[in-house]
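Heads up: the structure comes next, in C-alpha cells.
Letters A, B, ... are given to chains in the order of the sequence lines, protein chains preceding strands, and every chain is numbered from 1.
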2 protein chains.
Amino acid sequence: MEEGTSKSPGHTGVTHPAQACGDGTHGHAPGEGCDYDARQWDVREGCEVRQILDRVADKWSLLVIALLDRRTLRFTELRREVDGISQRMLTVTLRQLERDGLVRRTVHPVVPPRVDYELTPLGATLHDTIQALVTWTEVHQSEIAEARAAYDRRERE
Amino acid sequence: MEEGTSKSPGHTGVTHPAQACGDGTHGHAPGEGCDYDARQWDVREGCEVRQILDRVADKWSLLVIALLDRRTLRFTELRREVDGISQRMLTVTLRQLERDGLVRRTVHPVVPPRVDYELTPLGATLHDTIQALVTWTEVHQSEIAEARAAYDRRERE
DNA sequence: CGGGATCCCGCCTGATACTG
DNA sequence: CAGTATCAGGCGGGATCCCG
C-alpha cells in the first residue's frame, strides 16, 4: 500500500489555516474543498478523512463489518449477533455503511420481507485492517487486564 | 471525575455477567497473518474483547494514539491537535488509555506544571494496526465520497 | 420481518470559575 | 499549565409502538 494522496514533499505546517472544511455533523455534501496535505494528518473536524475515520472507528460499524465479512446476514441475524445493539442503532449503522458504499442492502420482494446485508468489494478491503484490530485485542487481552488491575490498585490506595 | 474509575456500563447495560467469553474454544495464532479462524469470535457485550475493542475502536482514542505515536505530547498540545475534542473528553480518554496501559502519563514537578503523554511499549504495538486504518481511509477517500454522492442522489429523487 | 416515528434520559460539549 | 467542578443545552442512543 502506498501513502495515499500525499504528493508535495516540503510542506508540513498545517496548524489551523482556517475553518472552511464543512460542518461536523453527518450530513454533508461531498465535493467541497477539504483536501489538504494529509501526511501530517492533524485532521480537522469535518474533513473527509476524519468523517470516514469516525465512521470506521466506530464500535458498531466495526462489529457489523467484521460479522458481514464472514457471510451475508439478514437484519434480525445481525441484531442477534451484534450483542447489545439496539434496533435503531443497527438501522442507522447499516444505512451509514450503505451510504459509504461499504455494505450492500438487498431487499427481496417476498412476504414476509427479507433483507440481506453483505459487504461490497470496497467494504471487503477492510477485512485485513479490521481483523488486525480484533486480533490485536485478543492477543493483548491479558496485558490490558493486568494494566487495569494495577491502575485500579494504585488508585485505591 | 464524576464517572468513577471503571466506566459505568450506563447506556450499554451489561446484561451478561462479564464471564470469560474467550472461553478458550478458539485458540488463535498470535503472530502474523490472520491465519487463525476468525469466523468464530464470540463478542458478547461485557466480555473483555468487546470492552477493549470498544475502547480501541473509539474515535478519540484512535486519534490520540495515532498522534502520540508520532511523538510525546503535552496536554495542551493534544488538545490543539485533536481538533474538536473537549477538554473533558481528552482527560477522560487519556485516563482510560493510561488505565489500559497504552499511554504513560508523566508529571514533571515544575512550575508551571508540565505533563507529558507518550505511548507505552504496549501502546506502540498498535502502530501498524492504527496506521493501516488511517491509510485505508486516505486511500479510499474518493471512493467513499463517490458512494455517498451516489447514495444521496438516489435518495433525493 | 424490517424499520419508521416518537419519547425520553444521560452523555458530551462548551463556557466559566477555581485550584496547585 | 493541567487539570477539577459545575451548569446549560443539544443530541446520541435505548425503549417502545406500530405499520407495510
Under a 3.5 Å cutoff on both atom distances, Watson-Crick or G-U, what's the dot-bracket for DNA chain D ([ ] crossing, | other strand)? |||||||.||||||||||||

Candidate pair Trp136(B) and Val56(A), rule side chain to side chain contact (heavy atoms under 4.5 Å, CB included), full reasoning: CA-CA 10 Å; Trp136(B) 183 93; Val56(A) 170; 4.0 Å; yes

Side chain to side chain contact (heavy atoms under 4.5 Å, CB included) assessment of Val103(A) paired with Leu68(A): CA-CA 9 Å; Val103(A) 161; Leu68(A) 289 182; 3.7 Å; yes

Going by side chain to side chain contact (heavy atoms under 4.5 Å, CB included), name the residues that satisfy it together with Thr120(A), two or more places apart in sequence or in a different chain. Arg104(A), Leu122(A)

Between Arg148(A) and Asp152(A), does any NZ, NE, NH1 or NH2 come within less than 4.0 Å of an OD or OE carboxylate oxygen? no

Nucleotide dT13(C), atom P - distance to CG of Asp83(B) in whole Å: 12 Å

Determine: side-chain N/O of Trp60(B) to OP1/OP2 of dT13(C), distance under 4.0 Å, yes or no. yes

I want to verify a distance call: between dG14(C), dG3(D), dG3(C), whose nearest atom is closest to the Thr91(A) side chain? dG3(C)

Salt bridge (charged side-chain N to carboxylate O under 4.0 Å, His left out) assessment of Glu155(A) paired with Arg95(B): CA-CA 12 Å; Glu155(A) 284 302 279; Arg95(B) 287 290 184 283; over 6 Å; no

Over how many whole Å does the gap from Arg95(A) atom CZ to dG13(D) atom P extend? 17 Å

Can you tell me if Arg74(B) touches the phosphate of dC1(D), counting only side-chain N or O atoms and a distance under 4.0 Å to OP1 or OP2? no

Between CD of Glu45(B) and C1' of dG14(D) the distance, given in whole Å, is 11 Å

Between atom CG in Leu90(A) and atom C1' in dT16(D), what is the gap in whole Å? 17 Å

Would you mind checking if Asp54(B) and Lys59(A) are paired as a salt bridge, meaning a charged N to carboxylate O distance below 4.0 Å? yes

Find the distance Met89(A):CE to dT16(D):P and express it as a whole number of Å. 18 Å

Does dC1(C) have OP1 or OP2 sitting under 4.0 Å from an N or O in the side chain of Tyr117(A)? no

Identify whether Tyr151(B) and Ile144(B) are in the same connected component of the hydrophobic contact network (ILVMFWY, side-chain heavy atoms under 4.5 Å). no

I want to check one thing: is the phosphate of dC11(C), taken as OP1 and OP2, less than 4.0 Å away from some side-chain N or O of Arg88(B)? no

Near DNA chain C, which residues from residues 100-114 of chain A have a heavy atom under 4.0 Å away? Arg105(A), Pro112(A), Pro113(A)

Whole-Å distance, Leu73(B) CG to dG3(D) P, equals 13 Å

For the hydrophobic clusters of this structure (ILVMFWY residues joined by side-chain heavy atoms under 4.5 Å, transitively), does one cluster hold both Val115(B) and Val110(B)? no

Output the rounded distance in Å from CG (Leu63(A)) to P (dG13(D)). 14 Å

Testing dC1(D), dG3(D), dT13(C) for proximity to the side chain of Val115(B), the answer is dG3(D)

How long is the line joining NZ of Lys59(A) and C1' of dC11(C), in whole Å? 13 Å

Sole candidate of His108(A), Arg74(A), Arg105(A) that passes side-chain hydrogen bond (donor to acceptor under 3.5 Å, both in side chains) when paired with Asp116(A): His108(A)

Using side chain to side chain contact (heavy atoms under 4.5 Å, CB included), reason through Leu90(A) and Val64(A) one step at a time and then give a plain yes or no. CA-CA 9 Å; Leu90(A) 180 54; Val64(A) 166; 4.1 Å; yes

If you check the Gln87(A) side chain, which of dG13(D), dT16(D), dG3(D) turns out closest? dT16(D)

